[in-house]
Protein chains: 2
Amino acid sequence: MPQRSTFHGSGALAFSTKGEYGVRLMVQLGRRYGHGPASLAEIATDEDLPRAYLEQLVTSLRDAGLVHSTRGARGGYELALPPDQIRMGEVLRALEGPLAPMICATEEPDHALCDRSARCTVNILWIRVRDAIAGTLDAMTLADLVPVRHVPIDPRLATVAAPGAGSREAETGATLAGATS
Amino acid sequence: MPQRSTFHGSGALAFSTKGEYGVRLMVQLGRRYGHGPASLAEIATDEDLPRAYLEQLVTSLRDAGLVHSTRGARGGYELALPPDQIRMGEVLRALEGPLAPMICATEEPDHALCDRSARCTVNILWIRVRDAIAGTLDAMTLADLVPVRHVPIDPRLATVAAPGAGSREAETGATLAGATS
DNA sequence: CTAATCCCGACGAACAAGGTCGGAATTGAC
DNA sequence: GTCAATTCCGACCTTGTTCGTCGGGATTAG
């Protein structure tokens with residue numbers, strides 16, 4: 001496949017495929033958590049994604065300390081932390097860079113102010129959007145996306161799969177009414 | 001100037017220049033609200049933006065019913081509504097298209113489900129991000145971005161510039177309900 | 001009439017997104 | 001020791017969107 005058709009996020013503020021594929025990759029690793037390393041080929045098949053491309057993405061995730069790799073035969077990747085301790089904000093930041101809808105709204109405190117910062121009244125808008133996104137993303141963990149497993153092999157893992165364990169409830173008032181149903 | 005340096009939104013989920021310039025354009029129109037039409041050349045100079053490019057953007061805003069145009073000499077553009085009745089969400093949607101971080105999280109009810117929608121547990125993440133963005137944007141109006149004017153020429157216009165006009169207090173949670181259904 | 005303005009469609013260069021490729025290094029299994 | 005599976009790494013290529021530019025036509029005030 002040369003390229004994905006049209007554009008997978010049609011409008012404004014779209015994530016790139018890096019973000020999308022990377023999250024799907026992480027979810028797969030979440031399902032396999034506790035089963036030892038999983039090879040990229042395996043995951044690429046499961047999610048129907050180009051393996052060579054996933055290699056690039058997983059490198060970012062590894063460098064960010066989110067996944068751990070094992071080289072050699074029977075090697076692969078696995079989560080470096082339990083799923084409920086991986087905030088989705090971290091995942092997306094590792095994949096796509098800092099969450100910043102605009103150059104003057106970087107997450108870094110040493111934000112590169114635009115030259116017009118003096119009379120720039122628009123700044124507050126981008127800041128608020130950035131905070132809303134970051135807040136939402138950091139309020140969700142990978143555990144919220146991994147489908148519940150019936151019976152974990154290791155009973156100690158039951159606490160991990162418990163819903164809403166660590167992640168605070170978001171203050172965004174998210175009404176996700178019947179989204180996918 | 002052929003192109004803007006590097007990329008004005010460095011990381012993930014960046015607005016394009018359409019969104020940025022368009023908002024700045026609207027703010028300028030907000031400052032001039034009540035003073036009759038303003039020409040694009042004037043605004044382009046004030047904001048130091050390419051006039052020919054603004055022409056394209058303002059077309060979208062006009063088609064969305066946010067600005068009103070007057071043709072001919074001494075013509076120009078003006079806001080079609082008072083600033084406090086223009087939600088920033090509308091502005092950005094007009095400029096950039098629907099707020100959708102991912103194809104499977106469109107604002108339209110007839111969302112084109114990705115082919116994997118059955119076993120897609122990731123969807124909820126994009127939906128929440130989309131709601132957070134839309135909620136934040138729709139809770140702010142153009143009046144929140146226009147710097148307060150000291151003394152309007154026409155005293156009747158004081159009501160327009162007055163801060164308590166209503167939509168300021170909208171909390172993010174309330175407006176979300178209507179958006180999704 | 002003339003000058004200012006909006007209006008419209010076509011055009012084009014630069015750039016990042018979205019992948020592909022080939023090979024080197026590492027390791028488990030036999 | 002050999003072999004196969006796998007991560008690791010950098011270079012390369014292609015395509016579409018973004019970010020504008022350009023030239024002219026339609027409209028209207030003075």
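In what follows, chains are A, B, ... by sequence order, proteins preceding strands, each numbered from 1.
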Protein-nucleotide distance (B/Arg51, atom CZ; D/dC22, atom C1'), rounded to Å: 11 Å
Which residues share a salt bridge (Lys or Arg N to Asp or Glu O under 4.0 Å) with B/Arg93, sequence neighbours left out: B/Glu90, B/Glu107, B/Asp138
Can you give me every donor-acceptor pair (side chain of residues 62-81 of chain A, partner residue at least two apart or in another chain, under 3.5 Å) with its distance?
none

B/Tyr77 OH - C/dA4 P separation (whole Å): 17 Å
hydrophobic_cluster_shared for A/Val27 and B/Ile124, side chain cutoff 4.5 Å: yes
With A/Glu42 via side-chain hydrogen bond (donor to acceptor under 3.5 Å, both in side chains) - residues at least two apart: A/Arg32
Nearest-angstrom distance from the residue atom OH of B/Tyr21 to C1' of D/dT18: 11 Å
Point-to-point distance, once rounded to the nearest 0.5 Å, from CZ of B/Arg87 to CE of B/Met140: 13.5 Å
Rounded interatomic separation in angstrom, taking CG from B/Leu57 and C1' from D/dC19: 10 Å
Pairs under 3.5 angstrom only: tabulate donor-acceptor contacts from the side chains of residues 52-59 of chain A to other protein residues two or more places apart or in another chain.
unit_1  : atom_1 : unit_2  : atom_2 : d
A/Tyr53 : OH     : A/Thr17 : OG1    : 3.3
A/Glu55 : OE2    : A/Arg51 : NH2    : 2.8
A/Thr59 : OG1    : A/Glu55 : O      : 2.8

B/Leu40/B/Leu25 under side-chain contact (heavy atoms from CB on, under 4.5 Å): CA gap, chis, key distance, verdict: CA-CA 9 Å; B/Leu40 264 196; B/Leu25 169 64; 4.1 Å; yes
Inter-residue atom distance A/Leu13.CG - B/Leu92.CG, 0.5 Å rounding: 7.0 Å
Presence of A/Ser16 side-chain N/O under 4.0 Å of C/dA16 phosphate oxygens OP1/OP2: no
Pairs where residues 120-145 of chain A contributes a residue and the test ring-ring contact (aromatic ring centres under 6.0 Å, His included) is met, not counting sequence neighbours: A/Trp126-B/Phe15
Selection from D/dT6, C/dC7, D/dC19 that lies nearest to any side-chain heavy atom of B/Glu55: C/dC7
Nearest-Å distance for atom pair CG/C1', residues A/Leu54 and C/dC21: 16 Å
Length of the line joining A/Leu13:CG and D/dT18:C1', which is rounded to integer Å: 15 Å
A/Leu95 CG - C/dG18 C1' separation (whole Å): 14 Å
Contact list for DNA chain C against residues 60-70 of chain B - heavy-atom distance below 4.0 Å: B/Arg62, B/Ser69, B/Thr70
Nearest-Å distance for atom pair CG/P, residues B/Leu25 and D/dC19: 16 Å
C/dA17 phosphate, OP1 or OP2, under 4.0 Å from A/Tyr53 side-chain N/O: no
Listed nucleotide nearest any side-chain atom of A/Gln56, set C/dG18, D/dC19, D/dA11: D/dA11
For nucleotides 25-28 of chain D, print each protein N/O atom paired with a nucleotide N/O atom at under 3.5 Å, atom names and distance only.
unit_1 : atom_1 : unit_2  : atom_2 : d
D/dA26 : N3     : B/Arg71 : NH2    : 3.3
D/dT28 : O2     : B/Ala73 : N      : 3.2

